[in-house]
Number of protein chains: 2
Amino acid sequence: MTDNPSGPPAVTIAFIAESAGVSIPTVSKVLNGRSGVSVETRARVEGLINKYGYRRPSGSRGSTVEIVFREMEGTWAVDIIRGVERVARQNRIGVLVSQLGPDSSPATSIDETIGRRPGFVLFVSEISAPEQAKLKAKDIPFVVINPAGELPDDVPFVGTTNWRGGHSATRHLLDLGHRRIAMINGPDYPFCQARMAGYFSAMAEADVAADSSLVVRTFLTREHGYAAALELLSRPDRPTAIFASNDMQAFGVYRAARELGLSIPGELSVVGFDDIVVSDWADPPLTTVHQPLFEMASAATDLAFTLGRGEPVRQVGLEIATVLTIRKSTAPPRS
Amino acid sequence: MTDNPSGPPAVTIAFIAESAGVSIPTVSKVLNGRSGVSVETRARVEGLINKYGYRRPSGSRGSTVEIVFREMEGTWAVDIIRGVERVARQNRIGVLVSQLGPDSSPATSIDETIGRRPGFVLFVSEISAPEQAKLKAKDIPFVVINPAGELPDDVPFVGTTNWRGGHSATRHLLDLGHRRIAMINGPDYPFCQARMAGYFSAMAEADVAADSSLVVRTFLTREHGYAAALELLSRPDRPTAIFASNDMQAFGVYRAARELGLSIPGELSVVGFDDIVVSDWADPPLTTVHQPLFEMASAATDLAFTLGRGEPVRQVGLEIATVLTIRKSTAPPRS
DNA sequence: CTGAAAGCGCTTACAG
DNA sequence: CTGAAAGCGCTTACAG
């Protein structure tokens, strides 16, 4: 196992202990964040651990971070994995991926994850109360990436600025001269409500009277976006622009516009939200609010590592800024 | 660690050893595939290991499978991860993901992977000779998923029936009545050559004289597909159908057709290869050769596990069948 | 082919 | 707060 017949000494906790002039159990306590070590001793040991780049024997707790997906979806899961992988690699931590979603066998649960003894766990979108409790009991730091639901105040998360995104999308359409701007809202998740609130705020700021019949609520799929747009665009006083809650809905709008013979952006401007890989390949390329999944995932990983080190953290939750990506699906309305 | 104050005994190698009436070192040898154990003893110990569901302490060699990507791409990486995850979960094996590609730091190499002590390694598309050598030296079973290059005869792989796919795509166009069928070929990889050979075979079988000016070779991107299609479609004797080497190229063909005012499938039929997530959302939905990445990944994982158990394996390489997915981008040619 | 013995790195009570 | 001691599960020579 120790592959040095006489080369540099293997960096074991025994080696660190000797370097620091302390006993092996003391180093063990520091590594596991246990109490019963003076601040000075702890600091000295941590210094040596960093200096010699101590790594736990792979697989023991602390050497991996596990990403728990509810559902792994092609259009965005990879950005998250890549963001985590980037930061994990720098810290010489392995990245585990698991799926604890609808199509997992009933036997599968967070216990499997805990059994793998990851140093950190990252949840994508959802985390249940029992999961939070179990991870806390085992003292495994966890962070929620892009939370879909409400979270207790002490659960660390990394989200995105949904309100701001909805606001800037709407603002962009207003600046272009649009007044009849429809919004296709999503289900009752906080992130959908925030996007919609951004829309309403921008409309109010521009003194455009809100027309609630222009806001429809539906699911976040292409089919539902299509149905909603069909209805919206069949009205005599149809909107000149539609802001969709996500890109999939926006592609549904594309399809409805095409069927109705409405050109984009000539007769209808469309803005999406997410900026999934394919948004740039659409015809015309979709103007959308970029959700920085890669950066969110990197930040969440960093946060988990910081938490794991027991370092104080400025805030337990943070939101990474969206950025409006203007492409070809928006233009001034025909007057 | 052993969480049974008096419950069922923890399934350790000591427990297995006692059940089997052998010593601990013997069980250790069986687990690690070492020699020096009689066939009968080995069989008995393996039986008990399965019966009691022995799991190595997580993280020690054997409890994880690592997927090594050269480049993690949104349109297909997730299918591979999901395929591996499915099989791994059934075997209570963790899934590690890493990227050893162009944007990895120079320090990163297969040594990092080996340091994690995975039980198995799955390479996506590419594997280098040093990687093969190092893994062999460490006795870690590995399989290449969807190999892009040539592989030594003894390297296990799971690919797809590229020749067959190219053949069925072309055959479909011929059956529809097309005769001037162009092919946009890819770089000099075996899988591209196989797709093209399938095209030529189908053409020859149908007694259609090959027109080599109808075959252009370029890269596998949307932009290159666009450029190739533009050239092909600007000719006076333009083809009535185009078979592209992958879906990205096919989307480039869509764009070129749109610019040239050619309707699909009315004036031009298009067939792609891969069946990436978005092919079904295109306008019109793309007829393409489905590459069963999920199944390929599952099969590769199974193969790696079988190899790890030291069980004889029918063949060291296999190809999972493609299936032609007919959607809306193909129709009989206008006569 | 087999296993007693020594040893690995690490963790856990627990005595000071 | 600290560490000697016992112990964990596992592996590695090596003697029979």
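So you know, we letter chains A, B, ... as the sequences are listed, proteins then strands, and number each from 1.
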Open item on the list: What is the separation between atom CG on Asp139(A) and atom P on dT12(C), rounded to the nearest whole Å?
Closed with: 12 Å

Task: Heavy-atom check, side chain of Val84(B) versus side chain of Val97(B), under 4.5 Å - done: no

TODO: Please name all residues satisfying salt bridge (charged side-chain N to carboxylate O under 4.0 Å, His left out) with Lys134(A), sequence neighbours left out, ordered by chain then number.
DONE: Asp111(A)

Task: Glu46(B): partners by salt bridge (charged side-chain N to carboxylate O under 4.0 Å, His left out), with sequence neighbours left out - done: none

TODO: Would you please name every residue forming a salt bridge (charged side-chain N to carboxylate O under 4.0 Å, His left out) with Glu319(B), sequence neighbours left out?
DONE: none

TODO: Output all residues satisfying ring-ring contact (aromatic ring centres under 6.0 Å, His included) with Tyr189(B), sequence neighbours left out; order by chain, then residue number.
DONE: Phe191(B)

Grab the N/O contacts between the protein and nucleotides 1-3 of chain C below 3.5 Å, and write none if there aren't any.
from   : atom 1 : to       : atom 2 : distance (Å)
dT2(C) : OP1    : Ser38(B) : OG     : 3.4
dT2(C) : OP1    : Thr41(B) : OG1    : 2.7
dT2(C) : OP2    : Ser38(B) : N      : 2.9
dT2(C) : OP2    : Ser38(B) : OG     : 3.3
dT2(C) : OP2    : Thr41(B) : OG1    : 3.2
dG3(C) : OP2    : Ser23(B) : N      : 3.2
dG3(C) : OP2    : Thr26(B) : OG1    : 3.1
dG3(C) : N7     : Lys29(B) : NZ     : 3.4
dG3(C) : O6     : Lys29(B) : NZ     : 2.9

TODO: Using the P atoms only, state how far dA5(C) lies from dC1(C), rounded to an integer number of Å.
DONE: 23 Å

Open item on the list: In whole Å, I'd like the distance from the CD1 atom of Ile16(B) to the P atom of dG9(D).
Closed with: 13 Å

Task: Any Tyr54(B) side-chain N or O less than 4.0 Å from OP1/OP2 of dC10(D) - done: yes

Task: Results of side-chain contact (heavy atoms from CB on, under 4.5 Å) for Pro292(A) - residues two or more places apart only - done: Thr160(A), His290(A), Glu295(A), Met296(A), Ile320(A)

Open item on the list: What's the gap between dG7(D) and dG3(D) when it is taken at their C1' atoms, as a whole Å value?
Closed with: 16 Å

Task: Watson-Crick and G-U pairing of DNA chain C, under 3.5 Å, as dot-bracket with | and [ ] - done: |||.||||||||.|||

- [ ] Return no unless some side-chain N or O of Arg34(A) is found under 4.0 Å from OP1 or OP2 of dT11(C).
- [x] no

- [ ] Report the distance from atom CZ of Arg117(A) to atom P of dG9(D), rounded to the nearest whole Å.
- [x] 12 Å

Task: Qualifying residues under salt bridge (charged side-chain N to carboxylate O under 4.0 Å, His left out), relative to Arg42(A), sequence neighbours excluded - done: none

Open item on the list: Quick test of your reading: applying salt bridge (Lys or Arg N to Asp or Glu O under 4.0 Å), list the pairs with at least one residue in residues 152-162 of chain B, sequence neighbours left out, ordered by first then second residue.
Closed with: Lys136(B)-Asp154(B)

